[in-house]
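Numbers restart at 1 for each chain; the letters A, B, ... are given by sequence-line order, proteins then strands.
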Protein chains: 2
Amino acid sequence: MQYLKIKDAINQQINTGILQIGHKLPAERKLAESFNTTRITLREALALLESEGKIYREDRRGWFVSPPALIYDPNYTTEFAAMAIAQDRKPHSVLLSAQLIHANQHIATLLNITTNDSVYRIERLRSLDSRPVVVVTNYILPEFFPDLLKHDITHSLTVTYREHYQRIYTKTRFRISTTSLNGNTASALRATAGSPAMFVERLNYDQHDNLIDCDLEYWRHDAIRIESLATLSSACLHKTTQKKMS
Amino acid sequence: MQYLKIKDAINQQINTGILQIGHKLPAERKLAESFNTTRITLREALALLESEGKIYREDRRGWFVSPPALIYDPNYTTEFAAMAIAQDRKPHSVLLSAQLIHANQHIATLLNITTNDSVYRIERLRSLDSRPVVVVTNYILPEFFPDLLKHDITHSLTVTYREHYQRIYTKTRFRISTTSLNGNTASALRATAGSPAMFVERLNYDQHDNLIDCDLEYWRHDAIRIESLATLSSACLHKTTQKKMS
DNA sequence: TAGTGGTCTAGACCACGGT
DNA sequence: CCGTGGTCTAGACCACTAA
């Protein structure tokens with residue numbers, strides 16, 4: 001269990017500040033040499049630290065010490081920028097793509113439409129303190145938002161919805177699971193394919209209880225911590241609520 | 001990118017039912033041979049499938065096809081057994097330990113007490129269809145539950161609270177993050193140290209708004225999918241709510 | 001006891017990033 | 001262009017599981 005010792009040693013260097021947040025770790029070959037081991041074993045230790053959220057990888061660039069996670073409250077998280085600023089982080093958004101497309105099977109099921117129907121798909125990459133942390137893809141029902149693409153869609157959809165269409169998010173049905181990053185999502189996040197990820201899927205409703213859009217979010221898993229307050233209801237409601245979403 | 005092809009090939013065997021839920025995959029050496037590669041590369045592919053939640057490992061026993069995840073709603077999840085049964089799963093609980101201890105620093109902070117104070121610590125291992133999926137550790141304030149250990153604590157604390165102490169969970173503050181399994185927790189789950197995990201931390205309040213206990217849950221990450229309905233509040237409440245928990 | 005997974009060695013080549 | 005990380009080879013020994 002050599003790699004456990006290596007993990008602990010690196011961990012301690014992080015905790016004592018020898019390795020600082022955001023800084024790059026030494027090259028794998030150098031680390032391997034300094035721990036008197038091979039790259040394979042060293043990478044075992046690094047993978048462990050990665051899965052604990054202590055360090056992260058940028059594809060072909062190396063390993064870095066993770067910044068603190070963003071606290072994400074599904075009850076309030078309609079505006080990424082506001083959430084980031086409230087936590088003293090610098091948010092940034094880039095529009096990756098925006099177009100009207102046909103829904104695929106998964107989206108059609110989520111939005112309760114058919115694969116013949118059109119939806120707006122808006123893909124954005126969001127960063128915290130210059131580190132890309134999440135790819136968000138929104139699928140939006142055009143019937144509620146005609147000519148949506150003429151407005152600002154790079155920053156807050158919430159604001160555009162409210163100011164141009166008088167629609168406000170009031171309810172969100174969300175799912176959270178873990179998975180890994182792949183393909184374009186991984187590239188956008190500058191992550192190696194296969195990096196661990198937190199996957200958040202949300203169905204959003206307006207003030208009239210219309211389902212107006214859904215979004216799929218792939219987070220670098222160390223960049224997010226879900227945190228919220230739940231008011232418990234009686235257990236009998238349980239089953240019916242769940243059936244609807246599955 | 002050989003390991004991606006191997007991953008896809010195994011994935012397809014799972015999807016087409018050649019490998020069935022709960023069944024063990026062939027030995028690593030045999031898989032490696034059949035894909036004409038080495039164990040290291042094969043294990044790269046297996047690790048990817050593991051991080052996607054398609055397969056899981058039992059320490060020194062091999063790789064198995066993952067059953068569907070349990071849907072976990074923080075708004076209703078006060079009884080593991082009820083939740084499992086509602087989803088046609090067979091729940092099982094084992095008491096790992098139960099004693100009165102001094103709070104450590106983390107627990108003291110969570111429960112708003114000092115490290116001199118005593119709390120009940122109850123550790124339970126919970127299984128679905130004979131597969132251990134989560135280690136739950138409860139830390140309970142004795143002032144609200146004198147002589148707690150005289151009652152049944154293996155199954156539902158909720159029920160014991162209600163029937164013997166007239167206290168009902170009404171509010172839960174929860175946190176969700178990803179981490180890896182280690183030490184006793186990994187062993188109890190029959191998992192290899194370092195396996196990916198979902199970590200759920202909850203603070204529970206009774207009908208009089210007393211904080212009565214907290215619990216730390218380490219889930220096999222493929223065994224759980226968080227799913228809930230959030231009613232959105234105005235953004236200004238956001239900051240104050242978050243500060244309290246961090 | 002045989003076979004398995006857990007761990008480790010000692011290399012190698014390539015494509016890409018940064019200089 | 002050099003150094004890096006990404007990927008891969010071809011083994012090895014050990015402790016443990018399952019028979």
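- Checked against the 6.0 Å centroid threshold, B:Trp219 and B:Phe199 do not count as a close aromatic pair.
- Side-chain proximity of A:Asp59 to D:dT9, D:dG6, C:dT4: nearest is D:dG6.
- Between the side chains of B:Glu201 and B:His106, a donor-acceptor pair is found at a separation under 3.5 Å.
- In this structure, A:Lys7 atom NZ and C:dT7 atom C1' are separated by 16 Å, rounded to whole Å.
- The side chain of A:Ile40 sits closest to C:dA10 out of D:dG6, C:dA10, C:dG6.
- In this entry the distance linking CG of A:Leu31 with P of D:dG3 reads 17 Å, nearest Å.
- The side chain of B:Met1 approaches D:dT7 more closely than any other nucleotide in the set C:dG6, D:dG5, D:dT7.
- In this structure, A:Phe35 places its CZ atom 16 Å from C1' of C:dC8, rounding to the nearest Å.
- When distances run from any side-chain atom of B:Arg60 to the nucleotides D:dA15, D:dG5, D:dC8, the shortest one goes to D:dA15.
- The B:Thr38 side chain lies nearest to D:dA10 when the options are D:dT7, D:dT17, D:dA10.
- Between A:Thr192 and the phosphate of D:dG5, there is no side-chain N or O to OP1/OP2 separation shorter than 4.0 Å.
- For the pair A:Glu28 CD and C:dG11 P, the interatomic distance rounds to 18 Å; values are reported in whole Å.
- You'll find that the side chain of A:Arg39 is closest to D:dT7, out of D:dT9, D:dT4, D:dT7.
- Taking atom CG on B:Asn36 and atom C1' on D:dA10, their separation rounds to 13 Å, with Å as the unit.
- A:Lys5 has its NZ atom 13 Å from the C1' atom of C:dT7, to the nearest Å.
- Remark: the backbone N or O of A:Thr160 is not paired with any side-chain donor or acceptor of A:His155 at under 3.5 angstrom.
- The environment of NE2 in B:His151 is crowded: more than 12 heavy-atom neighbours from other residues, nucleotides or ligands sit within 6.0 Å.
- Counting only heavy atoms from C-beta on, B:Thr37 has its side chain closest to D:dT9 among D:dT9, C:dC8, C:dG6.
- Rounded to a whole Å, the CZ atom of A:Arg190 is 17 Å from the P atom of C:dC16.
- For the pair A:Gln2 and C:dG6, the criterion of a side-chain N or O lying under 4.0 Å from OP1 or OP2 is not met.
- Listed nucleotides: C:dG17, C:dG5, D:dT4. Nearest to the side chain of A:Lys30: D:dT4.
- Annotation for B:Asp152: atom CG counts as buried by contact number, over 12 foreign heavy atoms lying within 6.0 Å.
- Not a single donor-acceptor pair under 3.5 Å links the side chain of B:Arg190 to the backbone N or O of B:Pro132.
- Look at A:Arg43 and you'll find a side-chain N or O under 4.0 angstrom from OP1 or OP2 of D:dG6.
- Distance from the side chain of A:Arg29 is smallest for C:dC13 among the nucleotides C:dC13, D:dT7, D:dC13.
- Contacts of B:Arg61 with the nucleic acid, taken as non-hydrogen atoms under 4.0 Å apart, involve only primed sugar atoms and P, OP1 or OP2.
- Proximity of B:Lys24 to the phosphate of C:dG5: a side-chain N or O atom is located under 4.0 Å from OP1 or OP2.
- Atom P of nucleotide D:dA18 and atom CD of B:Glu58 are separated by 8 Å, given to the nearest angstrom.
- The side chain of B:Tyr3 contributes an N or O atom lying less than 4.0 Å from OP1 or OP2 of D:dT7.
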